[in-house]
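The structure under discussion appears below in the form of structure tokens.
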Amino acid sequence: MEGEWKYPGSRWWRFDFHVHTPASFICYKRPEATPEEWLKSCMTAGLDCVVVADHNSGDWLVTLKISYEGLTSSKPDWFRPLAIFPGVEITVSTGIGRVHLLAAFDLNSAGEKTITGVLGRCGILNGHGDPDSSTTTSFEETIKIIKEANGIPIAAHVDGPQGLLDGKSALCPELERSLKAIYAAEFCNLNAFDNSTPELRMALNTLAKVGGSDAHTPAEIGKHGTWVKMSTPSIEGLRLALMDHEFCIDNRTVNPNREPDIFIHSLTISKMRHCGRIPGQPFEMIFHPGFNAIIGGRGSGKSTVLDSMRIAARRDGELIDSLSADLRRFKDYATGKGVMENDTEILLGFCRRDEEYRFRWRKDSIGKVFEQLDENGWVEAQSGDDLRERLPLSMYSQKQIYALAENSKGLLDILDRSPEVNRSEWESRWNDTINRFLELRLQQRTIKQKLRNEPELRAKLVEVEKDLKQYEERGHGEILKQYQKRVEQQRAVPLEDDFGGLADRLLVLHEEAQADSFPLHLFAEDDPARLELATIHGKAANALETVQQRLRELATEVDRIAKKRTEELTASQWHQDVVTAMERYETLVREYEGKSSPFDPSLYGHWVQEKTRLFNELTSLEELKREQSRVIEETERTIDSLVGLRRELSSKRNAFITSVLKENPYVQMKLIPFGDVADLETKYRENLSLEDNKFEGSILNGEGGLLRQMSRWREDGQSSENLPDMIRDIKVRTEKIVLNDLTDLPNFIAKPFISRLQKGYEDQPANLDRLWSWWPEDLLRVRHATNVNKSKYEELENGSKGQKASAILAFLLSHGTEPLIIDQPEDDLDNALIYDLVVRQIKTNKLRRQLIIVTHNPNIVVNGDAELVHVLHVKNGQTQVAVPGGLEEQAVRDQICNIMEGGREAFDKRYRRITL
């Protein structure tokens, strides 16, 4: 595992706490086994650590150490690093029987000598390797001797033969003392005492339950084991892990060393004024995939680290105004008084689904901004439109957290970024629907404009028909009627028709219907495929020739049909009637040309043409009316779709809130669709381009206005279910005023307001479309816990700074899998809240995501069980990492106690029985 796990800090190590060697000569089943065979069995079983626990003996420890050193040089294929803890299985005499007790000792101890000394003090001076040799000391006295030798006592196979609890199901005073004296017990069955007395179960819950194979052959090694979390294998790390067994002991078989899909693995800063300026030694911080704590005294560079990460990740745009100003001062492009030099470079490395990437930021903008690591090194990668999407990341300072408490819109943004809500995908559909709605509204206006001519066209048609009727009633009506009818028929049924050039198109297809020549030159003469493919090609070509001939025949047939049609039409009675009507009309025209008559046949022809034109235009308008109805119906459906999309967004938000807060005792949230009316008047005016501070009586004031009912829906006790109807009523009333439908107009609507709306619509008709495509934002009501135990809550807006911060923190820590970076979450919180809220949720969060927390509070670091602590300090004017490591490392614990007020108390609280 060590070869694969490349991150500093704490990790999980696979332990077998109970393994025998041939030194247990009485009961070992393979006395001929060699040290190399024994070590190979440990390594191929996937063990990282093993406790050599022979019966009353440490005789094989030197032999194993020498053999292991040889393997580290030769490194066979099956080799893997292995920590061999010196240990022993001591047979303790209890007066009425014998109990086995394991002891593990420091890796750097004298091993065999230490174990022999402990056995001697316990009264076992000979019979080493014999399980029947037993102590003259009691169980508790033996434990004391092991501890004095810096060892860890572990009750062996506690639920099995010669185990401390063999045959016991209740707690007696002697057993209670024995259990209090140890940190851990080896269990054959982890659930062995689930049905015992409550007192015994409670006593056992204080112990670390560990697994050991109790192997008496190499093949049995590793068949049972335990995962232990610590930085590096050591007796101190093991002791702390066993004492903190709730979070540092895992008896599952699956490897708990897991990397989240996305996590930050490194930050490198070069040539910043107070960081990374040492030649050849850029500032570098390597992160753990789990919980990283960044600590340091005032001015040690904690803010420099966070600001650099924010800049490199392109998250500086997410800051509120005051924090954005702080970051600008950090950069200080304008005056050059910030910490950036022209060649300052920040690299932020991260892993995404097993691929390594990094962002680059430089003040001079030189270099690739986004790179991926492949077999050739770092190469430019595709960043997409938004570089931030490559690294989903949440960063919050205490000021940001407080700002979220003051403005719930920021919380909605957080909801919307979650995969469950996925606002970006929803917004794509929303924008498509909005664009379609705006297109439809524009079509409605265009159609309406065209239909405005309909009354005029109908009036003209009446006049033309009146004129025609007068002329037709003067005795020539039948001739003129026949002429008009036959002219229209002749247009509709021409004597000659080529059927849309069908014959010509068939001839074009005839020319195209032939196969290309077969490429014989691509095949050798002896290539068997040549004949086969040529034959296939020939068949197809012959078939195409048949088709080609048929196409020519069809073209000829079409010409014949057209010709026959013309002949038959010419010979038809209808054609004779057309000719007769035309001749009679022409005779009439010639007759009146020879007279001085007011009758003007050319004017009549004009009227006939005008009637036809007007009729055609009105027919088109009828089609336009049908199109208008269709567009109006689709517009209504689109509005319904927009409402449905908004409800879908609200539903997703609400489902997300319910899923992440259903068991959260610190905060409650309720989402009210369309309920945020804080900027109702502002949005109304913006959509309609209305000036501020005008028309208050018509729009909104204390007495009334179009918006009053909705703006005061909460104060008036209105149901939130009525909000969509209220919104629609506002839009409908506004549109009626715009379109001068002033029926049932409320008294508070003033004439200047009516004039302003109508004038605005004339100038910018799309304003009304914007109003129809707008809906108020959802209202997020947040309540914080005033008494967690009694489930009492109050509105967040009435809470203190600490209560507001705790509620928002509870929400931020309740969901998400992306890396989460928080700067000093403990500000404004008392220690009880820090432990009950922050620490508990940190422990839950780090199981699914990476955490990077800057803090001054030792409880967050210690009781939150940081996998990696970065201790910052300033040396020679440069920010540097003084100590990086896990909590099991003495240097890290010393720094925490020295730097952080209350550090020693935090350790004492977590590790109750150890003096640091």
Side-chain angles (χ1 to χ4, degrees), residues 17-18 20 23-24 26 51-59 61 85-106 109-168 170-187 199-200 203-204 206-210 212 214 235-236 238-240 242-243 245 911-915:
F17 280 90
H18 190 171
H20 291 271
S24 298
I26 297 294
V51 178
V52 181
D54 282 313
H55 290 296
N56 302 314
S57 174
D59 290 352
L61 289 171
F85 281 82
V88 64
E89 183 176 13
I90 303 174
T91 304
V92 181
S93 176
T94 63
I96 59 173
R98 294 177 176 179
V99 172
H100 287 192
L101 178 65
L102 298 174
F105 297 95
D106 192 350
S109 70
E112 183 180 358
K113 183 178 179 181
T114 299
I115 291 170
T116 301
V118 168
L119 291 171
R121 290 185 61 191
C122 294
I124 301 176
L125 302 176
N126 49 46
H128 295 171
D130 184 353
D132 290 334
S133 300
S134 60
T135 65
T136 58
T137 54
S138 69
F139 192 82
E140 292 177 52
E141 289 170 338
T142 305
I143 288 172
K144 182 180 178 183
I145 293 170
I146 293 170
K147 289 181 177 179
E148 288 173 351
N150 197 30
I152 298 175
I154 303 171
H157 39 76
V158 68
D159 54 331
Q162 296 186 305
L164 182 63
L165 300 177
D166 183 22
K168 297 181 175 64
L171 189 67
C172 63
E174 182 181 0
L175 180 58
E176 184 177 13
R177 290 193 301 272
S178 297
L179 292 175
K180 285 183 177 179
I182 57 178
Y183 310 136
E186 177 195 17
F187 279 77
E199 294 78 12
L200 180 56
L204 291 177
T206 64
L207 301 179
K209 297 181 179 181
V210 301
D214 196 6
I235 198 67
E236 184 66 6
L238 179 58
R239 181 181 289 110
L240 292 173
L242 293 173
M243 296 176 69
H245 55 87
Y911 306 115
R912 296 175 302 280
R913 292 174 284 182
I914 185 168
T915 301

Under the 3.5 angstrom rule, does the side chain of Thr91 hit a backbone N or O of Pro131 as a donor-acceptor pair? yes

Heavy atoms only: give me the nearest Leu102-Ala156 pair and the separation to one decimal. CG-CB, 3.6 Å

Asp59 (side chain) donor-acceptor with Ala23 (main chain) under 3.5 angstrom: no

Phe17 side chain near Leu238 side chain, heavy-atom distance below 4.5 Å: yes

Scan side-chain atoms only and decide if Asp54 and Ser24 contain a donor-acceptor pair under the 3.5 Å cut-off. yes

Quick one: pull up CG in Leu119 and CD in Glu112 and give me the separation to the nearest 0.5 Å. 10.5 Å

Non-hydrogen atoms of Gly160 and Asp166 that approach each other most closely: O-CB, 3.2 Å

Would you call Glu186-Lys209 a salt bridge at under 4.0 Å N-O? no

Intermediate values then yes/no, side chain to side chain contact (heavy atoms under 4.5 Å, CB included), Ile90 and Ile146: CA-CA 10 Å; Ile90 303 174; Ile146 293 170; 4.1 Å; yes

Note, Leu175 side chain near Lys168 side chain (heavy atom, < 4.5 Å): yes

Any side-chain donor near an acceptor of the partner, Thr142 and Thr137, under 3.5 Å: yes

Please report the closest heavy-atom contact between Phe85 and Phe105, naming both atoms and the distance. CD2-O, 3.4 Å

Residue pair Ile145 / Arg121: nearest heavy atoms and the distance that separates them: CD1-O, 3.6 Å

What pair of heavy atoms forms the shortest contact from Asn56 to Ile124, and how long is it? OD1-CD1, 3.3 Å

With rounding to the nearest 0.5 angstrom, report the SG to CD distance, Cys172 to Glu199. 12.0 Å

Ring geometry between His157 and His18 (parallel below 30°, tilted from 30 to 60°, perpendicular above 60°): parallel

Go through the steps for Leu204 and Leu165 under the test side chain to side chain contact (heavy atoms under 4.5 Å, CB included), then give the verdict. CA-CA 10 Å; Leu204 291 177; Leu165 300 177; 3.6 Å; yes

For Leu242 versus Ala184, what's the shortest heavy-atom pair and its separation? CD2-CB, 4.0 Å

Tell me which one of Asp159, Thr94, Val158, Leu101 satisfies side chain to side chain contact (heavy atoms under 4.5 Å, CB included) with Leu164. Val158

Using side-chain heavy atoms (C-beta onward) and a distance below 4.5 Å, is Thr135 in contact with Glu141? no

What is the distance from atom CZ of Phe139 to atom CD of Glu174, rounded to the nearest 0.5 Å? 10.0 Å

Distance (rounded to the nearest 0.5 Å) between Leu179 CG and Leu171 CG: 6.5 Å

Phe187 and Val210: CA distance, side-chain angles, deciding distance, side chain to side chain contact (heavy atoms under 4.5 Å, CB included) verdict: CA-CA 6 Å; Phe187 279 77; Val210 301; over 6 Å; no

Would you call Asn150 and Ile235 a side-chain contact if the rule is heavy atoms closer than 4.5 Å? yes

CA sep, side-chain torsions, deciding dist, call: Glu236, Arg239, salt bridge (Lys or Arg N to Asp or Glu O under 4.0 Å): CA-CA 5 Å; Glu236 184 66 6; Arg239 181 181 289 110; 3.0 Å; yes

Could you tell me if the ring centre of His55 sits under 6.0 Å from that of His128? no

Rounded to the nearest 0.5 Å, what's the gap from CG on Asp130 to OG on Ser57? Could you check? 10.5 Å

Given the rule in the side chain to side chain contact (heavy atoms under 4.5 Å, CB included) test, do Ile182 and Ile143 qualify, once you have shown the distances and angles that lead to the verdict? CA-CA 7 Å; Ile182 57 178; Ile143 288 172; 3.3 Å; yes

Can we say Lys144 and Glu140 salt-bridge, meaning some charged N sits less than 4.0 Å from an Asp/Glu carboxylate O? no

Is it true that a side-chain atom of Ser133 and a backbone atom of Gly129 form a donor plus acceptor pair closer than 3.5 Å? no

